[in-house]
Novice: 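Could you have a look at this structure, given as structure tokens, before my questions?
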Amino acid sequence: METKFWDLAVNALRRGRPSAGAPGRSARWSARWAGRLGRSDHGMTTSEYAVGTIAACAFAAVLYKVVNSGPVLSALQSLVEDALDAKF
């Protein structure tokens, strides 16, 4: 398994020592930030899913209205007719 720099830095902070890339940092600062850096923040929470779902539905509704509007519908129809009437 490949060890990444981030993992090394977090482990150094958890041990109370600053990482090699940050000389001169105090052990207290390192200990304070070790918990924050070690946390995994992957994925979305339930509220983010709800907001994302509402935004996707609103976007779909707007797109549906635009595609079914008169000018866009006639433009799409003429585009398909021109493609079908093309001479090879």
Side-chain angles (χ1 to χ4, degrees):
M1 184 166 143
E2 182 180 311
T3 303
K4 297 182 180 174
F5 172 75
W6 185 257
D7 296 331
L8 294 174
V10 169
N11 289 335
L13 289 174
R14 285 184 178 156
R15 287 190 300 269
R17 301 191 313 250
S19 65
R25 301 278 189 203
S26 69
R28 195 176 86 206
W29 180 89
S30 299
R32 185 181 80 189
W33 285 97
R36 293 182 183 180
L37 293 176
R39 259 188 270 160
S40 174
D41 221 7
H42 300 292
M44 293 194 307
T45 61
T46 305
S47 61
E48 289 170 334
Y49 276 117
V51 171
T53 302
I54 291 170
C57 290
F59 181 71
V62 169
L63 188 61
Y64 179 78
K65 287 290 188 178
V66 168
V67 169
N68 284 329
S69 67
V72 174
L73 199 57
S74 65
L76 287 174
Q77 185 176 4
S78 68
L79 183 70
V80 170
E81 287 175 357
D82 291 343
L84 293 175
D85 292 337
K87 304 276 192 256
F88 290 103

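Bear in mind the structure is a predicted one, so any value in this text is a computation, not a measurement.
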Novice: Can you tell me how far the OG1 atom of Thr53 sits from the CD atom of Glu48, to the nearest 0.5 Å?
Specialist: 11.5 Å
Novice: If you group Ile, Leu, Val, Met, Phe, Trp and Tyr whenever their side-chain heavy atoms sit less than 4.5 Å apart, what else falls in with Tyr64?
Specialist: none
Novice: Who pairs with Leu73 by side chain to side chain contact (heavy atoms under 4.5 Å, CB included), at least two apart in sequence or on another chain?
Specialist: none
Novice: Who pairs with Ser78 by side chain to side chain donor-acceptor pair (under 3.5 Å), at least two apart in sequence or on another chain?
Specialist: none
Novice: Could you state whether Val72 and Val62 fall into the same hydrophobic cluster, counting links through intermediate Ile, Leu, Val, Met, Phe, Trp or Tyr residues with side-chain heavy atoms under 4.5 angstrom apart?
Specialist: yes
Novice: Of all residues at least two apart in sequence or in a different chain, which pass the side chain to side chain contact (heavy atoms under 4.5 Å, CB included) check with Val67?
Specialist: Leu63, Leu76
